[in-house]
Amino acid sequence: MAERWTPESWKNHPVKQQPEWPNPKELADTCARLASYPPLVFAGEARSLKAALANVAEGKAFLLQGGDCAESFNEFTANAIRDKLKVLLQMAVILTHGLGKPIVKVGRIAGQFAKPRSSPMETKDGVSLPSFRGEAVNASDFSEEARQPDPSRLERAYFQSASTLNLLRAFTSGGFADLKQVHTWNQDFVAASPQGQRYAKLADQLSDNLRFMEVLGINSGNTPILREIEYYTSHEALILEYETALTRIDSLTGRHYDCSAHMLWIGERTRQPDGAHVEFLRGVHNPIGVKIGPEISVDDVLTLASRLNPGNEPGRLTLICRFGHSKIGGCLPRIINACKSEGLKIVWSCDPMHGNTYGTPNGFKTRSINHIMSELEQFFAIHRAEGTWPGGVHFELTGGNVTECVGGSQEVREEHLENCYQTTCDPRLNAAQSLDVAFLVAETLRQMG
Ligand code: PEP
Ligand code: CO
């Protein structure tokens with residue numbers, strides 16, 4: 001890998017999971033336009049996130065990353081964006097209180113529009129069509145027309161990302177995220193649930209503390225940290241033509257940043273050390289993640305770390321572990337050990353979603369909260385035994401009252417899945433289930449000291 005990196009050097013490497021665009025000229029024209037549009041995020045923001053993640057790597061902070069499996073063009077409303085932010089803010093309050101450490105908040109949002117698929121074709125009733133690859137590529141309806149990759153969707157994904165980011169920036173700095181609002185983040189349907197009531201108690205406590213501080217003269221009017229939050233965006237860097245078009249040279253440092261999001265990650269299906277995705281991301285200076293599953297070898301983990309983070313810079317590399325509850329125990333300890341002996345500075349994050357997906361007899365893809373919690377608990381216990389910091393968590397979740405995952409205090413069962421199953425890809429935690437999981441993480445980590 002001594003070759004010189006450019007935003008397009010990935011083209012000399014084997015590339016997986018790219019759509020077969022029917023009209024290359026149309027793709028090239030779209031990408032030329034994208035390359036001329038303003039960046040969605042700024043290099044300085046990506047550097048702030050890297051600094052925050054360096055604190056996570058050093059055990060001084062905790063990463064909370066979450067959002068849709070795949071964003072959708074249809075569910076593009078202010079309420080949907082606001083409700084997703086509410087859940088993340090609630091989870092962050094629970095975690096800050098439980099851990100006593102700052103929580104680094106990163107959404108799977110404002111750019112999470114492309115999906116890797118296990119098979120390029122989908123067959124239904126004897127008809128085979130290209131698989132749905134996310135709204136940035138094609139549509140999910142099962143028809144020839146819908147499944148045709150269409151480059152104009154990349155542009156639509158860019159504009160939806162810009163608009164989503166605009167609202168998120170307004171919410172996070174315009175008073176919505178003020179700690180005084182801690183009660184208003186509890187949506188009615190959540191407030192009625194046991195975990196919503198538990199959250200309300202915590203919010204009461206926090207409001208009391210804020211009143212006490214107000215007496216001392218500390219309030220959100222004079223203390224911005226009570227009023228504003230740092231909130232970052234992330235997505236899987238899958239469609240490399242799109243990511244290349246959004247890559248810019250930062251005028252302050254002269255370095256390349258992928259300005260489509262603050263943090264980008266490489267998925268489990270595209271993390272080949274010699275592959276195009278690793279080649280692309282090694283050259284941009286954003287903080288980056290790599291999903292690692294049960295098939296990865298210890299050698300590949302070390303090779304990935306040396307290619308993606310040759311300077312061993314803390315905060316640059318997050319390993320997002322997604323082994324599944326039955327495999328994590330057999331996989332994770334040797335990987336941690338190898339990284340420890342090399343002295344690698346890594347943010348260890350647990351994605352307890354993607355290794356725990358299964359199909360129900362009535363035809364739904366789902367995940368059980370019990371499996372999710374089991375994987376999380378094992379992740380924390382393994383890190384405790386190894387003396388390493390379990391730096392964060394990565395969830396697929398939404399602010400709505402969906403029925404996509406089973407279990408939790410509200411006891412969603414397999415026969416309830418059809419009531420409100422709305423995801424365009426993988427099953428997400430609903431708002432109440434997200435609080436359940438946040439309380440579990442907070443308690444487990446508090447008990448571990
Ligand atoms: C995802 O995060 O939606 C995903 C596809 O994950 P993974 O690469 O871990 O399978
Ligand atoms: Co997913």
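In listed order, ligands and their atoms are each counted from 1. What you see below is based on every heavy atom in this structure, not just the backbone, and it leaves out hydrogens, waters and symmetry mates.
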Parallel, tilted or perpendicular: rings of Tyr257 and His285 (30°, 60°):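 His285 vs Tyr257 ring planes: tilted.
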Atom name, Asp426 (N, O or S, nearest to the Co ion (ligand 2)):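 In Asp426, the heteroatom (N, O or S) nearest the Co ion (ligand 2) is OD2.
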I'd like a table of donor-acceptor pairs (distance under 3.5 Å, sequence neighbours excluded) in which one partner is a side-chain atom from residues 295-305, with atom names and distances.
unit_1: Ser297; atom_1: OG; unit_2: Asp300; atom_2: N; d: 3.0
unit_1: Thr303; atom_1: OG1; unit_2: Asp299; atom_2: O; d: 2.8

Axial cation check for Trp389 ring with Lys60, 6.0 Å and 45° limits: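 That pair does not qualify as a cation-pi contact.
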Within the 4.0 Å heavy-atom sphere of ligand 1, strictly under, residues: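 Within 4.0 Å of ligand 1, protein side: Cys69, Arg108, Lys115, Pro116, Trp265, Gly267, Glu268, Arg269, Lys291, Arg322, His354, Glu396.
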N/O donor-acceptor pair under 3.5 Å between Lys115 side chain and Cys69 backbone: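 Present.
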Angle, OE2 of Glu396 through the Co ion (ligand 2) to SG of Cys69 - 10° precision: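 Here the angle at the metal atom is close to 90°, to 10°.
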Parallel, tilted or perpendicular: ring planes of His262 versus Tyr232, cut at 30 and 60 degrees: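 Judged by the thresholds at 30° and 60°, the geometry between His262 and Tyr232 is perpendicular.
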Any donor-acceptor N/O pair, Arg108 side chain to Asp68 backbone, under 3.5 Å: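 Confirmed, Arg108 side chain pairs with Asp68 backbone.
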Heteroatom N/O/S of His354 within less than 2.8 Å of the Co ion (ligand 2):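 So His354 counts as coordinating the Co ion (ligand 2), yes.
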Ring centers of Phe323, Phe379 separated by less than 6.0 Å: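 They do not qualify: ring centres at least 6.0 Å apart.
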